[in-house]
Amino acid sequence: MAHWLMKTEPDECGIDDFAKAPDTPITWDGVRNYQARNFIKEMAVGDEVFIYHSSCKHIGIAGVVKVVKAAYPDPVQFKPQSAYYDEKSSVEKPRWQSVDLSFVRKLPRLIPLDELKALSGLEDLALVKRGSRLSVMPVSNEQWQIILEQVS
DNA sequence: GCCAACGTTGGC
DNA sequence: GCCAACGTTGGC
């Protein structure tokens, strides 16, 4: 099983949106970056994902969700009324991918970004690298464990 | 295929 | 709200 981290603005879709309807998967749409898209394609059912809250008051890792449906064409790329509409994409040749995610748990406390930056063993995590804007990234087993140990 | 201009991300 | 860093676009 692989591990991942996905950034989100909690005002739009945070861990609490998963928690309030734990049996309802949420479609992760709107990723419009090729490197992130490629990671989405690699995700498999059962993979666990850290949910990271960005651009908000409390920045950091807030919880865990899991992949319940592997990559398929992002539905909003075909909807002209969507902010994520892509006129250069087509049903025949879709450009962007989504996965469906379900709630697993909130962490006992949020792990703030500056704490993650200070941990040894996370130097290679794209999240803590200066200037990284990648919104979907792999997390190694070692990195996953190091992060979870902070709240266990 | 280079690279300047532009738009976006995201911490502060 | 600022702005640095990054990704994308488009002229040449």
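Because the structure is predicted, anything quoted here is derived from the model rather than measured. Reminder, nothing fancy here: chain letters follow the sequence lines and each chain counts from 1.
- Qualifying side-chain hydrogen bond (donor to acceptor under 3.5 Å, both in side chains) partners for Lys79(A), counting only residues two or more places apart in sequence or in other chains: none.
- Exactly one of Val104(A), Thr24(A), Val65(A) qualifies for a side-chain contact (heavy atoms from CB on, under 4.5 Å) with Phe18(A). That residue is Val65(A).
- For Tyr34(A), the side-chain contact (heavy atoms from CB on, under 4.5 Å) partners at least two apart in sequence or on another chain are Arg37(A), Arg95(A), Trp96(A).
- Atom-to-atom, CH2 of Trp96(A) to P of dG7(C) comes out at 13 Å; the value is rounded to the nearest Å.
- Listed by chain and number, the residues in a side-chain hydrogen bond (donor to acceptor under 3.5 Å, both in side chains) with Gln35(A) amount to none (sequence neighbours excluded).
- Leu5(A) is linked by a side-chain contact (heavy atoms from CB on, under 4.5 Å) to Lys7(A), Phe50(A), Tyr52(A), Ile61(A), Leu127(A), Met137(A), Val139(A), counting only residues two or more places apart in sequence or in another chain.
- Looking at residues two or more places apart in sequence or on another chain, you find a side-chain contact (heavy atoms from CB on, under 4.5 Å) between Glu87(A) and Tyr85(A).
- Spacing between atom CD of Glu87(A) and atom C1' of dT8(C) amounts to 15 Å, rounded to whole angstrom units.
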Name the pairs: protein N/O against N/O of nucleotides 10-12 of chain B, kept only if under 3.5 Å.
unit_1, atom_1, unit_2, atom_2, d
dG10(B), OP1, Lys7(A), NZ, 2.8
dG10(B), OP1, Arg133(A), O, 3.0
dG11(B), OP1, Tyr52(A), OH, 2.6
dG11(B), OP2, Ser55(A), N, 3.2

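- To the nearest angstrom, C1' of dG7(B) lies 16 Å from CZ of Arg32(A).
- Computed from coordinates, the Arg37(A) CZ to dT8(C) P distance equals 11 Å when rounded to whole Å.
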